[in-house]
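On a predicted model such as this, the values are computed, not experimentally measured, just so you know. Labels below follow one simple rule: chain letters A, B, ... track the order of the sequence lines, proteins then strands, and each chain is numbered from 1. Side-chain atoms are counted along with the backbone in the values below, which use heavy atoms only and exclude waters and symmetry mates.
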Protein chains: 2
Amino acid sequence: MAKPAIELDSFDLAILAILQKDNATPQRLVGEAVNLSAPAVQRRIRRLEEAGVIAANVAIVDPARIGQAITIFVEVEVVSETAELLDVAKREFSAAPEVQQCYYVTGEADFILIVIVPTMADYEALTRRLFFSNNNVKKFRTFVAMDRVKVGLTVPLTPSGAA
Amino acid sequence: MAKPAIELDSFDLAILAILQKDNATPQRLVGEAVNLSAPAVQRRIRRLEEAGVIAANVAIVDPARIGQAITIFVEVEVVSETAELLDVAKREFSAAPEVQQCYYVTGEADFILIVIVPTMADYEALTRRLFFSNNNVKKFRTFVAMDRVKVGLTVPLTPSGAA
DNA sequence: ATCCCTCATGAAACAAACTTGCGCGCATAG
DNA sequence: CTATGCGCGCAAGTTTGTTTCATGAGGGAT
């Protein structure tokens with residue numbers, strides 16, 4: 001694993017704020033925006049990537065333009081919360097390509113999944129495969145998204161622990 | 001607005017699959033992977049961007065490495081589902097920078113929010129601002145994420161509506 | 001107090017990638 | 001059968017990303 005935390009100064013945060021919105025921004029422009037030279041920006045970006053602060057550089061695809069994808073939320077409740085059973089569930093859920101996001105949470109549910117499927121029939125198939133065939137799944141609740149009001153993974157830049 | 005849908009062939013889907021994982025992949029490598037020349041890849045990418053299929057190119061930042069961000073799910077139930085009240089809610093929720101994602105859903109809840117905050121105190125402040133001061137919010141349930149098992153916006157590439 | 005070591009920066013050179021223009025082949029329509 | 005439009009590949013030009021190098025600031029030890 002990478003280091004749990006590295007020092008981030010205001011330059012790093014400014015760079016992250018830009019790349020979070022558009023990582024195709026030329027380093028030259030980034031440098032101008034944060035008052036740093038292009039190579040300096042380059043080194044910082046590499047450091048952030050190696051440290052895991054930048055987890056990935058990806059293109060965001062609009063599901064609505066690809067077939068007619070349906071976004072679904074699932075709250076999953078498990079029977080037993082032993083460490084190994086949780087690991088099993090995490091691995092199974094993560095393995096499904098339809099599962100975009102999976103969180104282990106506190107509260108009335110244990111897992112929250114965000115699923116994208118082309119049709120409801122695909123979702124039904126997924127539930128059979130993921131939930132009904134897993135004895136540790138007590139119950140699950142389904143929420144179908146009618147509107148993606150706001151979608152993003154942009155993290156608010158908190159200057160905590162930085163100079 | 002862009003066209004609601006454009007034709008996507010297997011080349012486009014293959015390209016999208018790659019860029020969804022890493023949009024820093026050189027077009028030359030993309031071309032090799034899909035058996036196309038670099039300029040052809042380039043033109044297709046541009047078309048996909050203009051059509052809105054590629055909504056954005058962004059760097060994914062791990063919140064855990066930025067301060068100690070907490071991911072929280074909120075199920076919001078509203079009193080009245082008139083169009084204008086929903087619009088108000090959508091706008092208010094979207095305006096909050098802490099709200100990463102907001103969906104309007106069917107089921108036992110009306111909205112599902114994904115929130116990122118540095119501390120629980122910030123979340124409490126957010127609830128006051130967003131929920132308690134909004135008379136149309138009947139109730140809300142909170143789920144705190146203990147583990148981000150899987151995070152992504154990767155859309156499964158469905159060859160529907162393509163050659 | 002001085003020296004030395006380490007580290008990050010900026011300027012320039014270098015390499016790689018992106019972008020554009022051109023001609024060709026294929027599919028479709030007339 | 002011919003004409004037209006679309007998308008491809010090739011090659012050149014341009015921008016961008018990457019490396020190298022010398023300089024200056026900060027820290028610790030003598």
remark   = To the nearest angstrom, the CD-C1' distance between B/E49 and C/dT19 comes to 14 Å
When you compare the protein's N or O atoms with those of nucleotides 9-11 of chain C, which come within less than 3.5 Å of each other, and at what distance?
unit_1: C/dT9; atom_1: OP1; unit_2: A/R44; atom_2: NE; d: 3.1
unit_1: C/dT9; atom_1: OP1; unit_2: A/R44; atom_2: NH2; d: 2.5
unit_1: C/dG10; atom_1: OP2; unit_2: A/S37; atom_2: N; d: 3.0
unit_1: C/dG10; atom_1: OP2; unit_2: A/S37; atom_2: OG; d: 2.8

Distance-only criterion, 3.5 Å: show the donor-acceptor pairs between side-chain atoms of residues 29-36 of chain A and protein atoms not counting sequence neighbours.
none

request  = Round to a whole Å and report the spacing from CD1 of B/I15 to C1' of D/dG7.
outcome  = 13 Å
task = Could you tell me the separation between the CG atom of B/L29 and the P atom of C/dA16, rounded to a whole number of Å?
result = 13 Å
Length of the CD-P vector between B/Q27 and D/dT16, whole Å = 14 Å
request  = Please find out if less than 6.0 Å separates the ring center of A/F73 from that of B/Y103.
outcome  = yes
Side-chain donor/acceptor pairs under 3.5 Å, residues 12-27 of chain B, sequence neighbours excluded:
unit_1: B/D12; atom_1: OD1; unit_2: B/R44; atom_2: NH1; d: 3.0
unit_1: B/D12; atom_1: OD2; unit_2: B/D9; atom_2: N; d: 3.3
unit_1: B/D12; atom_1: OD2; unit_2: B/R44; atom_2: NH1; d: 3.4
unit_1: B/Q20; atom_1: OE1; unit_2: B/V155; atom_2: N; d: 2.5
unit_1: B/Q20; atom_1: NE2; unit_2: B/V155; atom_2: O; d: 3.0
unit_1: B/D22; atom_1: OD1; unit_2: B/A24; atom_2: N; d: 2.9
unit_1: B/N23; atom_1: OD1; unit_2: A/N23; atom_2: ND2; d: 3.1
unit_1: B/N23; atom_1: ND2; unit_2: A/N23; atom_2: OD1; d: 3.1
unit_1: B/N23; atom_1: ND2; unit_2: A/V58; atom_2: O; d: 3.2
unit_1: B/N23; atom_1: ND2; unit_2: B/N57; atom_2: OD1; d: 3.1
unit_1: B/T25; atom_1: OG1; unit_2: B/D22; atom_2: O; d: 2.7
unit_1: B/Q27; atom_1: NE2; unit_2: B/Q42; atom_2: OE1; d: 3.1

key: Separation of D/dG7 P from B/I45 CD1 (nearest whole Å)   = 16 Å
ask   = Listed by chain and number, what are the ring pair (Phe, Tyr, Trp, His ring centres under 6.0 Å) partners of A/F140, not counting sequence neighbours?
value = A/F131, A/F132
ask   = Pairs in or reaching into residues 107-122 of chain B: which pass salt bridge (Lys or Arg N to Asp or Glu O under 4.0 Å), with residues at least two apart or in two chains?
value = A/R141-B/E108
message = Please determine whether a side-chain nitrogen or oxygen atom of A/Q42 lies at a distance below 4.0 Å from atom OP1 or OP2 of D/dT16.
response = no
inquiry  = Tell me the interatomic distance from B/R28, atom CZ, to D/dT16, atom C1', rounded to whole angstroms.
reply    = 15 Å
Would you be so kind as to tabulate the donor-acceptor pairs closer than 3.5 Å made by side chains of residues 86-96 of chain A, with sequence neighbours excluded?
unit_1: A/K90; atom_1: NZ; unit_2: B/D147; atom_2: OD2; d: 2.8
unit_1: A/E92; atom_1: OE1; unit_2: A/N134; atom_2: ND2; d: 3.2
unit_1: A/S94; atom_1: OG; unit_2: A/K90; atom_2: O; d: 2.8

